[in-house]
S.K.: 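This is the structure I have questions about; it appears just below.
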Amino acid sequence: MQVTMTVNDVEVTREIEARLLLVHFLRDVLGLTGTHWGCDTSNCGTCVVWLDGEPVKSCTVLAAMAGGHQVRTVEGLAKGAELDPIQQGFMQCHGLQCGFCTPGMMMTARALLDRNPDPSETEIREAISGQICRCTGYATIVRSVRWAAVAEAQAAAQVTETTESSEAGEIDNAGQPAEAVA
Amino acid sequence: MTTVHERVDTFHDNDQKPVGYGRMLRKEDPRFLRGRGRYVDDVQLPGMLHLAILRSPVAHARIVSIDTSAAEASPGVKAVVTGAMLAQQNLAWMPTLSNDVQAVLATDKVRFQGQEVAFVVAEDRYAARDALELIDVEYDVLDPVIDARRALESDAPLIRDDLDGKTNNHCFDWETGDEAATEAVFARADVVVSQDLVYPRVHPAPMETCGAVADYDAVDGKLRLWSTTQAPHAHRTLYAIVAGLPEHKIQVISPDIGGGFGNKVPIYPGYVCAIVASIVTGKPVKWMEDRSENLISTGFARDYIMRGEIAATRDGRILGIRTNVLADHGAFNGTAAPVKYPAGFFGVFTGSYDIEAAYCKMTAVYTNKAPGGVAYACSFRITEAVYLVERIVDCLADELGMDPAELRLKNFIQPEQFPYTTKTGWVYDSGNYEPTMRLAMEMAGYDELRREQAEKRARDELMGIGIAFFTEAVGAGPRKDMDILGLGMADGCELRVHPTGKAVVRLSVQSQGQGHETTFAQIVAEEIGIPPSDIEVLHGDTDNTPFGLGTYGSRSTPVSGAAAALVARKVRDKARIIASGMLEVSVADLEWEKGAFHVAGDPGRSVTIQDIALRAHGAGDLPEGIEGGLEAQICYNPSNLTYPHGAYICVVDIDPGTAQVTVRRFIAVDDCGTRINPMIIEGQVHGGLTDGVGMALMEMIAFDEDGNCLGASLMDYLIPTSLEVPDWETGFTVTPSPHHPIGAKGVGESATVGSPPAIVNAVVDALKPFGVRHADMPLTPSRVWDAMRGQARPPI
Ligand code: FES
Ligand code: FES
């Protein structure tokens, strides 16, 4: 069958088997290998991507079901050369070791901050609780997400300050578009 | 972007070294953050085929027949291979790392559920899996041996009838220490306490399962093998031996690895099948196991049934420790340990205490379970040893009515006794235990916790405080004593400084997340004054790195890290001679500081390492007898193991209504000698502590009486998530290793070794009001519930 979807803002159309999983479509057909696969039972979360902005386990979604929808993967997280604050937070706080769970963790964390810009430690732990990291012990992942939350709050505060003083605040000092931190 | 640190650790690092050590962000992170890591399953080659393995559904059966005709006719299938076909090429069996043999594909019998029986090669993953369903195997099911305690009974079914003359399921016997001397101290001791303990079978379960891509080029006879291996060089040599391929025509590439924890040390049949498939089909072949396959067939860990005994004086002086162990090795002895150490380093079971005598007797048996034994960050069985000693020391404290911290403090080996030879012959290099213990107690607020516990007990609330103090033995090892299948456990390192003063360092070890690209750049930077950002670290490719035995047993920093420091010093020695020519003074008149040599007493006259690198490659004169270039290679053979130590304190609360254990706090003070990158060290500790929570409270590979694996998925084999673990509290002391060139000891497995007894001790402490003295892992709610009712039972 033929499927058309938008992956990281690019429309793609491919001929696929109806039973093809989204994770295999992304990895094997599109070559987007940043999304990983780690279990047979929807438990590990290394495969998390966004479907219309919501984190989903792509091992549990058929590629055909994503037809006509927007998919975003870890490859679509950074804005060009500029890493997303979540990515920066993971680097700053040692939120990754082997890196295998990391793409899925970051996609969930980004979605969390988009709906809750100031999550508590408990809220972060709950958000990532459907995903397993075998390396980090989670504390540094929690800190990474908090780092991004604080960084974004500070960037937003700077934007407000600049707007108030000069009325010209489309882009903050760190080069973040204002809407990215709204 | 502004740098924000919301959470500041209480205990700061004080490493103030200029270029080398310190909290440096990881050089490898950018590729992982962008989804550009390169794991084995990411490798896509033109024309690549996919391999899937048919596994035994039963634990013990004779293979009557295999019909592959329907599978061969399935769409997209290129080949179907059985054990009988491999046997024609003499490839049906392969050696294990413990001088046993293991079936690549079963020929005569299957010996555990999940054993490899046949494989299919097809055009894609799905077609290969489809065809597996069409292979028809007829099994004549035999009684299995599941309970290790019954493996040696006279009527037990014989598992290894493939071994000549084998008439029972005995694998090996091993003993250490002095039986008579130990008997004597036990005979005169005021107090003797004994306790049966089970360390259940667990599994490392790295998030990336095992797999390989084999690409055999028939024209030039070269095999390229991308594989999930922690030991690429050792694997290359073993493939040369198993498959009869010339070693110089084998390239093992171990790219980014999604966690190892010992699971990726052995050679698995799947790797060999992929190689065979590529040779047979003339195409690249990928094999990636699924999670069930990983859990049921690859290297398990532990599975020790132990009796621990401890003898002491009434006032709490420990005199002797004795243990009897029954070790379940599964169907093949696939233990990955130095050959002279069939029980790994279990011999350090005397722990951190100065005692008079010790003795261990061990019997290992075959059962109808998956092979393995040494895995899951165990430092070659030190997990089991530390669990044994730290659990029975707590039992002794209970018997004596002494505080467990006080009992430990009273019996520590004292700083002036190092190097200390234990009663089982291990030479601990250095240690200073009391400050480590005291720091952990101070961080925990130990006395305050005990007060809180007393108050809670008065209100019938269940709170427990558990302590574990461990000494590890890592960095295997001196080649005269330690080898794996004849390969000495030394490691090579090569350093090249380029003309512009940038450098490349090539390692024989391989990272599975430990951050080698950062740590090793820091080690070299510290020695040679080139910033870490200017040093490229290469690893995980046998064609491009020197020989060495790989990353496991916390050996990278102790062995390969020593090699990196020494090779940098060798380059610096050459740089000094070149500098003496450039500055026209004798080498003795040169002083080294921060990446430059200057004339003693005249700091203005100096040349930097970058100046020297350019001269070494340039047209100018070099001192008499000095070759051009600035590079060196060495092979480091450690003179001893290194012995990190640590003090862990765990605080748990137990819900009396549900028996659910919550780890409220965990304080870990580690002493791993000189600290290279404290951020990475903390990360290693955090990960290990989480493993400890998993083993103590959740994880177990269980079997039913027919040998069906009950932990065959992540729904059944429970791994801690973010909700089961607390925010870790870490601290450190520094007691450098006297024999390691930079004093580093290694830390990768310390927390996995040290944390399970701390957690179990805490749970047992919480259950004291119920008269509980011991309860075995995993301390799941139902098992804790039973313990509260006086019905604690072993898990197997
Ligand atoms: S691969 Fe494990 S949840 Fe999707
Ligand atoms: S970093 Fe390895 S699994 Fe999370």
Side-chain angles (χ1 to χ4, degrees), chain A residues 17 19-20 24 27-28 31-41 43-44 46 73-75 77-78 83 85 87-88 90-92 94 96-103 106 121 124-126 128-143 146-147 150-151 154-155 174 176, chain B residues 1-7 25-26 28-39 41-42 44 124-126 204-209 256-261 290-292 512-515 679-680 682-691 713-715 719-723 725-728:
Chain A
E17 266 191 84
R19 63 176 170 168
L20 185 69
H24 288 142
R27 291 181 48 80
D28 296 347
L32 293 171
T33 54
T35 300
H36 298 141
W37 171 91
C39 72
D40 323 317
T41 48
N43 285 95
C44 76
T46 59
T73 70
V74 67
E75 288 90 347
L77 201 50
L83 291 178
Q87 292 168 306
Q88 296 178 36
F90 270 71
M91 177 140 181
Q92 291 292 335
H94 194 30
L96 68 154
Q97 290 182 28
C98 77
F100 203 76
C101 71
T102 314
M106 293 194 303
E121 173 176 340
I124 296 168
R125 286 184 182 269
E126 276 167 5
I128 60 170
S129 65
Q131 288 163 255
I132 298 171
C133 174
R134 204 60 163 148
C135 301
T136 66
Y138 304 104
T140 56
I141 295 181
V142 173
R143 289 176 210 169
R146 279 301 309 161
W147 188 99
V150 173
Q154 288 185 349
Q176 290 291 304
Chain B
M1 179 63 58
T2 335
T3 303
V4 192
H5 271 297
E6 258 202 319
R7 183 188 184 285
L25 298 184
R26 296 205 318 173
E28 46 271 85
D29 282 356
R31 70 172 181 274
F32 295 124
L33 293 170
R34 287 178 178 275
R36 301 249 306 260
R38 198 162 162 76
Y39 303 90
D41 198 20
D42 301 344
Q44 301 246 32
D124 66 59
R125 299 175 199 262
Y126 291 38
M207 292 326 295
E208 177 203 38
T209 58
D256 288 323
I257 301 292
F261 317 109
D290 65 25
R291 176 57 62 191
S292 269
Q512 310 109 47
Q514 296 92 335
M679 178 187 85
I680 289 178
E682 278 167 23
Q684 295 290 297
V685 172
H686 287 189
L689 297 176
T690 308
D691 291 344
S713 81
L714 295 182
M715 286 203 286
I719 289 173
T721 72
S722 50
L723 297 179
V725 294
D727 194 5
W728 310 108

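Computation of the quantities below employed the complete heavy-atom set of this structure, encompassing side-chain atoms and omitting hydrogens, waters and symmetry-equivalent molecules. Computed from a prediction, not measured in an experiment: that's the story for all the values here. Residue numbers begin at 1 in each chain, while the letters A, B, ... track the order of the sequences.
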S.K.: Does any backbone or side-chain atom of B:S722 lie under 4.5 Å from a heavy atom of chain A? Answer side chain, backbone, both or neither.
M.R.: both
S.K.: So which of B:P30, B:G37, B:A205 has the largest heavy-atom pair count under 4.5 angstrom toward chain A?
M.R.: B:A205
S.K.: So, does B:Y39 use its side chain to make a donor-acceptor pair with the main chain of A:T33 at under 3.5 Å?
M.R.: no
S.K.: Has B:R26 got a side-chain atom pairing as donor or acceptor with A:Q97's backbone, closer than 3.5 angstrom?
M.R.: yes
S.K.: Output the option from A:C44, A:A78, A:G38 having the highest count of non-hydrogen pairs under 4.5 Å with chain B.
M.R.: A:G38
S.K.: Using heavy-atom distances under 4.5 Å, tell me whether A:M106 contacts chain B through its side chain, its backbone, both, or neither.
M.R.: side chain
S.K.: Identify which of B:V685, B:D256, B:D42, B:D691 forms the greatest number of heavy-atom pairs closer than 4.5 Å to chain A.
M.R.: B:D42
S.K.: Check B:F32 against A:L96 and note the closest heavy-atom contact, atom names and distance.
M.R.: CB-CD1, 3.5 Å
S.K.: Using a 3.5 Å distance criterion without hydrogens, assess whether the side chain of A:R134 forms a donor-acceptor pair with backbone atoms of B:I719.
M.R.: no
S.K.: Return the option, out of B:G687, B:P726, B:G259, B:G260, with the maximum number of heavy-atom pairs under 4.5 Å with chain A.
M.R.: B:G687
S.K.: Is B:L689 close to chain A through its backbone or its side chain, or both, or neither, when contacts mean heavy atoms under 4.5 Å?
M.R.: neither
S.K.: To the nearest 0.5 angstrom, please state how far the CE atom of A:M91 sits from the CG atom of B:L25.
M.R.: 5.0 Å
S.K.: Determine the minimum heavy-atom distance between B:G258 and A:C98, stating which atoms define it.
M.R.: C-SG, 3.5 Å
S.K.: A:I128 versus chain B, heavy atoms under 4.5 Å apart: side chain, backbone, both or neither?
M.R.: both
S.K.: Distance check, rounded to the nearest 0.5 Å: B:D727 atom CG versus A:Y138 atom OH?
M.R.: 14.5 Å
S.K.: Identify the two heavy atoms, one from B:P720 and one from A:I132, that lie closest to each other, and give their separation to 0.1 Å.
M.R.: O-CG2, 4.4 Å
S.K.: Taking side chain as everything from C-beta outward and backbone as N, CA, C, O, which of these in A:S129 sits under 4.5 Å from a heavy atom of chain B? Side chain, backbone, both or neither.
M.R.: both
S.K.: May I ask you to name which of A:E75, A:E121, A:H24 has the most heavy-atom pairs under 4.5 Å with chain B?
M.R.: A:H24
S.K.: Over all heavy atoms of both residues, which pair between A:W37 and B:D290 is shortest? Give the atoms and the distance, please.
M.R.: CH2-CA, 3.3 Å
S.K.: A:I141 versus chain B, heavy atoms under 4.5 Å apart: side chain, backbone, both or neither?
M.R.: neither
S.K.: Hey, does the side chain of B:W728 reach the backbone of A:A139 with a donor-acceptor pair shorter than 3.5 angstrom?
M.R.: no
S.K.: Evaluate the side-chain proximity of B:D124 to A:E17: yes if any heavy-atom separation is below 4.5 Å, no if none is.
M.R.: yes
S.K.: Could you check which of A:H36, A:Q131, A:R19 has the highest count of heavy-atom pairs closer than 4.5 Å to chain B?
M.R.: A:R19
S.K.: Quick check: do B:H686 and A:T136 have side-chain heavy atoms less than 4.5 Å from each other?
M.R.: no
S.K.: May I ask you to check whether over 12 heavy atoms, not counting those of B:R36, lie within 6.0 Å of atom CZ?
M.R.: no
S.K.: Donor-acceptor pair, distance only, cut-off 3.5 Å: does the side chain of A:R125 make one with the backbone of B:L723?
M.R.: no
S.K.: Kindly give the heavy-atom pair with the smallest separation between B:L33 and A:V74, and that separation in Å.
M.R.: O-CG2, 3.6 Å
S.K.: Is there a side-chain contact between A:D28 and B:Q44, using heavy atoms and a 4.5 Å cut-off?
M.R.: yes
S.K.: A:D40 side chain to B:S292 main-chain N or O, any donor-acceptor pair under 3.5 Å?
M.R.: yes
S.K.: Looking only at heavy atoms and a cut-off of under 4.5 Å, which of B:Q684, B:Q514, B:Q512, B:R125 has the most pairs with chain A?
M.R.: B:R125
S.K.: So what's closer than 4.5 Å to chain B heavy atoms on A:E126: side chain, backbone, both or neither?
M.R.: both
S.K.: Looking only at heavy atoms, what is the nearest atom pair of A:R27 and B:D41, with distance?
M.R.: NH2-O, 3.0 Å
